Amino acid sequence: MRLGFWLGLAAAVGSLLLPLLLYDAELTIYVFIGLSIIVVAGLNLLYGFAGQVSLGQGAFYAIGAYCAGILARRGIPPLAALLLAPVLTAAVAVVVGLPVLRLRGHYLAFATLAFQLIVLSIAGQFRELTGGDTGLTGIPDLTVAGVGFPLERRAFGYAYLTWVLTALALLLVHNLVASRPGRGLRALATSEAAARGSGVPVGRYKLQVFALAAAFAGLAGGVYAFFLSYIAPGSFPILLSIQFLVMSAVGGVAVVWGPVLGAVLIYILAQVLQTIGSQPGMPLHAPAELNYAVYGLVLILIMLLLPEGIVPALRSAVASGRLRSPGGAAPGMAAGPGGAPVPPPARRQ
Amino acid sequence: MSFFLGVVSSGVATGAAFALVATGFVVIHRVTRVVNFAQGVFSVVAGMLCAALLTLGLPHFLAEVVAILAAIAAGFGVGLVAIGRRGTPPLASLIITLGVGVLSYAVVILLWGDGPVSFSMLQGQVDVGGVTMLWQYVLIVAATAVTFGALMLFFNLTYVGKALTACYSNPHAARLVGIDVRRMGLLAFAIGGGLGGLAGVLLTPLQPVEFDSDVSIAINGFAAAIFGGLLRPGTALVGGLVLGVAEALVSGYSRYASLQSGVALVLILGIMVYQAGRRPEGAE
Amino acid sequence: MILEVRELVVRYGQATALDGVSLEVGEGEMVALVGPNGAGKTTLLNTISGLIRPASGSIRTAGRVVQVPEGRQLFGDMTVEDNLRLGAWRVRDRNLSHIYELFPPLSEMRRRRAYTLSGGEQQMVAVGRALMGGPQLLAVDELSLGLAPLVVQNLAEHVVRLNRESGMAVLLVEQNARLALDICARAYVLEAGRLAMAGQSAELRRSPAVQAAYLGGAVGEGEAVRAPATSPRTAGGGEGGGTAP
């Protein structure tokens with residue numbers, strides 16, 4: 001049997017059982033990790049398929065959160081608001097992406113960064129709609145047909161909701177990669193000209209991937225809004241986008257394991273740093289400072305030492321140790337037809 | 001009328017500083033094809049260091065020069081990390097410069113704290129054809145003019161300057177004639193650091209810097225730079241001046257002074273969209 | 001020997017581009033390297049120029065090797081004069097007068113930007129830029145590519161003259177085997193990353209295999225067009241007879 005399948009099954013069962021052992025504070029981290037996995041899965045699609053880096057994924061996360069929060073506060077049933085969040089976010093992404101996606105690599109990175117700053121500025125200005133800089137309070141809890149999570153098991157409920165959504169997102173991505181359009185998209189990342197020459201509708205595919213990645217972020221943002229019941233522009237700093245990028249870079253361009261490993265490792269790291277930074281005797285700004293230092297170093301070191309990320313590196317380590325069954329582990333964008341690691345063109349332009 | 005001219009003159013001054021940052025982007029991008037996300041960091045470091053040196057009792061000018069030299073060294077260092085390793089693709093280099101930017105926050109906070117820092121500007125004002133201008137504005141404009149003149153001479157008349165242009169024009173051919181493209185890239189990063197540093201010491205008296213001021217400085221510089229598609233320093237100068245004046249007018253006349261920073265952002269997106277529409281998809 | 005290549009192996013990832021290639025060029029010699037597209041000729045030149053690191057084998061040079069790259073590779077938006085001057089990056093002797101003597105037309109277009117020149121003029125700049133590097137061995141990659149027959153003839157004559165008058169060795173990489181065998185005394189045939197044949201040009205020209213594959217046993221269109229331009233030279237040029245420049 002395939003190693004990847006069993007690993008996947010073990011991870012699924014393990015993560016399904018894990019909330020039973022966790023306290024509320026730990027469940028919160030569990031939820032955040034799940035939401036990050038969803039966002040990073042979208043980011044990886046964009047990276048691996050369209051060869052593009054987005055520094056504004058936090059913007060789509062924010063748009064999803066504001067959509068869900070604003071709609072739910074205005075009397076739309078919370079579940080409908082949650083489902084509308086990714087749809088509306090994707091719609092915004094299409095409008096933004098239509099012109100911006102015509103730009104290659106480096107420009108897009110700056111354009112998405114500028115986009116996030118604009119989104120934050122708008123969220124801070126339009127007080128009637130967004131609550132301005134003070135934020136949007138009193139977002140109702142998520143309910144289905146009027147039934148919500150019982151108050152004392154609320155975090156528990158959100159943990160499982162996140163689990164389901166994360167699993168769905170990863171399954172969707174997994175199938176997309178193996179599908180016919182998925183192969184077309186891979187051709188796109190290899191060489192845009194070649195893909196266009198062989199009849200792949202490059203522009204449309206790129207836009208669709210951009211919109212899908214935004215929808216993922218929007219969905220995660222929607223859950224975030226309901227879970228915290230309070231959002232403000234300050235909840236979505238540029239550092240959040242950078243954090244998503246760090247997770248993506250650490251995990252690497254692998255479809256399923258990349259986001260999972262990236263998000264889990266970075267959250268563990270963040271917790272460790274928080275613990276160290278808030279030791280007695282540490283200066284007030286120590287936690288933030290440690291975060292900056294470590295994220296910066298991680299980005300630099302990963303790019304210099306493991307530019308394909310940890311998962312492809314692990315995979316080729318396993319492959320060279322001849323422990324791997326033929327066919328390879330979970331299909332990754334970095335894995336060629338025979339399972340041989342092919343350098344992802346996204347990172348070498 | 002005089003209020004209008006005052007606003008314009010302040011816009012020209014800040015715009016000139018943006019143009020310096022923009023030229024840093026352009027010089028680095030031309031030679032290395034890397035968009036340097038750490039470009040704003042040079043200004044922050046130079047501004048903070050200059051303030052610290054002044055507090056230590058160093059005289060003006062000397063403090064500024066030392067700060068700019070430090071920014072040049074910082075530029076060289078960023079280049080070493082970003083492109084020093086053979087075969088680092090430009091997109092990886094970009095992410096590395098982003099990492100350097102984040103890392104710099106930690107360093108800056110460690111050295112100078114997380115509050116805003118400033119130092120006193122050139123005192124007094126001067127009457128230029130009926131417009132009263134702060135001496136600091138005159139200084140910024142003059143320093144920018146001299147710098148641009150020097151850059152033009154350097155790129156058009158010196159052999160090394162031409163070699164830098166050659167690296168941009170045809171990297172493969174540059175390698176063939178024996179130019180070490182990587183070393184030229186490091187030189188470009190050092191120049192970019194110096195330009196950012198100069199902008200930093202000029203701007204800090206007008207707008208106090210914080211550890212994360214690099215984002216807004218970089219955004220303004222980038223907006224000015226993409227006027228010329230990140231490739232032409234001359235257009236970057238025009239871009240900087242237009243941007244500076246536009247922002248000054250918005251903050252001078254609009255009820256929403258906070259929209260000022262929005263000008264650069266909208267400009268970035270607008271120019272990108274325009275340029276994307278003008279050239280065939282995917283073309284540089 | 002000005003250039004001595006021994007058992008050179010070059011790999012691109014899994015693919016082997018050059019597989020045990022040995023080749024030498026003596027002082028003042030003109031040597032041709034012919035072979036079909038994709039045989040590894042340019043890879044060989046780039047490895048000799050130090051742009052590609054070989055997997056194994058050795059390259060020994062006694063003197064400077066300067067390459068005239070395939071497709072000219074000029075600094076398009078810089079002037080002719082700047083292009084020539086930059087050729088001297090390694091040697092720092094930036095006197096251009098001998099180039100202008102060799103190619104008088106270039107002196108008149110010294111202020112023009114390289115991309116505005118015709119293909120033949122660009123090739124002159126490319127050769128001139130390489131000469132500015134003071135080569136003891138000039139490695140020319142596809143001198144004739146995309147140029148009109150008369151232009152090719154003119155350029156070839158210049159290269160031959162340089163070889164005769166200054167004793168500069170030449171390694172001429174050509175798809176146009178007829179031209180290469182005509183002006184070079186010795187030749188190597190590279191096929192799929194391996195040396196298929198080597199020897200005196202005169203012998204190779206008589207070899208049925210070379211005739212069939214490269215000299216128009218089945219004359220290709222390009223060959224037919226070029227034939228008139230190079231055929232007058234066949235009489236005197238190839239075997240070391242007097243070449244009228």
Side-chain angles (χ1 to χ4, degrees), chain A residues 47 51-53 55 96 98-111 113-115 117-118 121-122 124-125 192-193 196 202-203 206 237-239 242 245-246 249 283-286 288-304 307 343 345-349, chain B residues 29 33-35 37 81-82 84-85 87-110 113-114 211-212 215-216 218-219 222-223 226 229-230 256 258-259 261-262 264-270 272-277 279-284:
Chain A
Y47 209 14
Q52 303 273 19
V53 173
L55 289 179
V96 174
L98 221 43
V100 164
L101 276 177
R102 296 174 65 104
L103 306 158
R104 289 281 291 167
H106 303 177
Y107 290 82
L108 186 92
F110 241 106
L113 178 71
F115 173 67
L117 291 173
I118 290 176
S121 168
I122 290 174
Q125 295 286 330
E192 224 179 279
R196 191 178 290 116
V202 173
K206 255 165 111 173
I238 294 290
L239 195 67
I242 291 177
L245 186 73
V246 174
L284 204 59
H285 48 64
E289 203 176 329
L290 274 171
N291 265 317
Y292 293 135
V294 171
Y295 285 170
L297 281 176
V298 166
L299 268 186
I300 295 168
L301 292 179
I302 281 279
M303 282 296 126
L304 285 179
R347 280 180 180 164
R348 29 198 84 217
Q349 284 248 312
Chain B
H29 181 255
R33 298 273 145 186
V34 174
V35 179
F37 267 78
V81 183
R85 207 180 142 106
T88 309
L91 207 54
S93 299
L94 176 143
I95 296 175
I96 290 172
T97 62
L98 187 73
V100 171
V102 178
L103 183 60
S104 81
Y105 288 2
V107 177
V108 169
I109 295 175
L110 191 69
D114 56 358
F211 68 97
D212 60 355
V215 174
S216 71
I219 287 276
F222 186 77
I226 62 167
L230 276 191
Y256 299 100
S258 61
L259 287 179
S261 61
L265 298 172
V266 172
L267 205 65
I268 286 178
L269 287 178
M272 282 183 168
V273 169
Y274 169 73
Q275 286 178 343
R279 63 172 171 229
E281 212 172 305
E284 261 287 307

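Everything quoted here is computed from the prediction, not taken from an experiment. So you know, we letter chains A, B, ... as the sequences are listed, proteins then strands, and number each from 1.
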Q: Considering only heavy atoms and a distance below 4.5 Å, find which of Leu304(A), Leu55(A), Ile242(A), Leu297(A) pairs most often with chain B.
A: Leu304(A)
Q: Roughly how far, to the nearest 0.5 Å, is OG1 of Thr97(B) from CE of Met303(A)?
A: 11.0 Å
Q: Any side-chain heavy atom of Leu103(B) within less than 4.5 Å of one from Tyr292(A)?
A: no
Q: Would you sort out whether Val102(B) and Asn291(A) count as a side chain to side chain contact (heavy atoms under 4.5 Å, CB included), showing the intermediate values?
A: CA-CA 9 Å; Val102(B) 178; Asn291(A) 265 317; over 6 Å; no
Q: Within the structure provided, determine whether Leu299(A) and Val100(B) are in side-chain contact (heavy-atom separation under 4.5 Å).
A: no
Q: Is there side-chain contact between Leu245(A) and Leu98(B), with at least one heavy-atom pair below 4.5 Å?
A: yes
Q: Can you say whether Val107(B) sits under 4.5 Å from chain A via the side chain, the backbone, both, or neither, judging by heavy atoms?
A: neither
Q: Do any pairs count as a side-chain hydrogen bond (donor to acceptor under 3.5 Å, both in side chains) and have a residue in residues 98-108 of chain B, sequence neighbours left out, and if so which ones?
A: Tyr105(B)-Asp214(B)
Q: Looking at every non-hydrogen atom in both residues, tell me the closest pair between Val266(B) and Ile118(A) and how far apart they are.
A: N-CD1, 4.2 Å
Q: Hey, does Ile302(A) have a side-chain heavy atom less than 4.5 Å from the side chain of Ile95(B)?
A: no
Q: What pairs with Phe222(B) under ring pair (Phe, Tyr, Trp, His ring centres under 6.0 Å), at least two apart in sequence or on another chain?
A: Phe110(A), Phe25(B)
Q: Where does Leu110(B) contact chain A at under 4.5 Å (heavy atoms): side chain, backbone, both or neither?
A: both
